[in-house]
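This report refers to the structure that appears directly beneath it.
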Amino acid sequence: MARLFLILAFLAALAATAIVLASVSRKTIAEGTRDLRAPIAALEDRTMASSGVQKAAFVALIVVLFGVASGWLGGL
């Protein structure tokens, strides 16, 4: 019976993760295409347009850094 609950909890966590990732990717794509439609004159003073892809990359970098740090701490 406990295995059934673990499997259901795993499937629920998997579904929640898929929903969150789909939401983030949809918003990332929408923000990226919005910045692509901006006129070039408006972007002259900035070196890089802020986009959802850049924000997602920063979040992924932070996740990787926490993973590496926790792996090092776990190895000690």
Side-chain angles (χ1 to χ4, degrees):
M1 191 67 160
R3 288 182 189 169
L4 179 63
F5 288 132
L6 286 175
I7 291 172
L8 290 175
F10 176 73
L11 291 176
L14 192 65
T17 303
I19 290 170
V20 168
L21 288 177
S23 173
V24 168
S25 66
R26 189 176 340 129
K27 186 171 182 181
T28 300
I29 291 170
E31 287 181 7
T33 55
R34 183 194 62 198
D35 283 342
L36 288 176
R37 286 186 235 123
I40 300 297
L43 299 176
E44 285 181 359
D45 57 350
R46 297 189 301 184
T47 59
M48 192 173 177
S50 65
S51 67
V53 174
Q54 183 180 11
K55 292 174 187 173
F58 284 134
V59 170
L61 177 64
I62 291 170
V63 169
V64 168
L65 288 174
F66 278 124
V68 169
S70 66
W72 285 343
L73 293 175
L76 294 177

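Values reported hereafter were calculated over all heavy atoms of this structure, with side chains retained and with hydrogens, waters and symmetry mates removed.
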Flag, side chain of Ser23 to backbone of Ile19, donor-acceptor distance under 3.5 Å |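 Side chain of Ser23 to backbone of Ile19: no pair is present.
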So which residues get pulled into [X]'s cluster when ILVMFWY side chains under 4.5 Å apart are joined, directly or through others?
X: Ile62; answer: Phe66
X: Leu65; answer: Leu61
X: Val24; answer: Val20

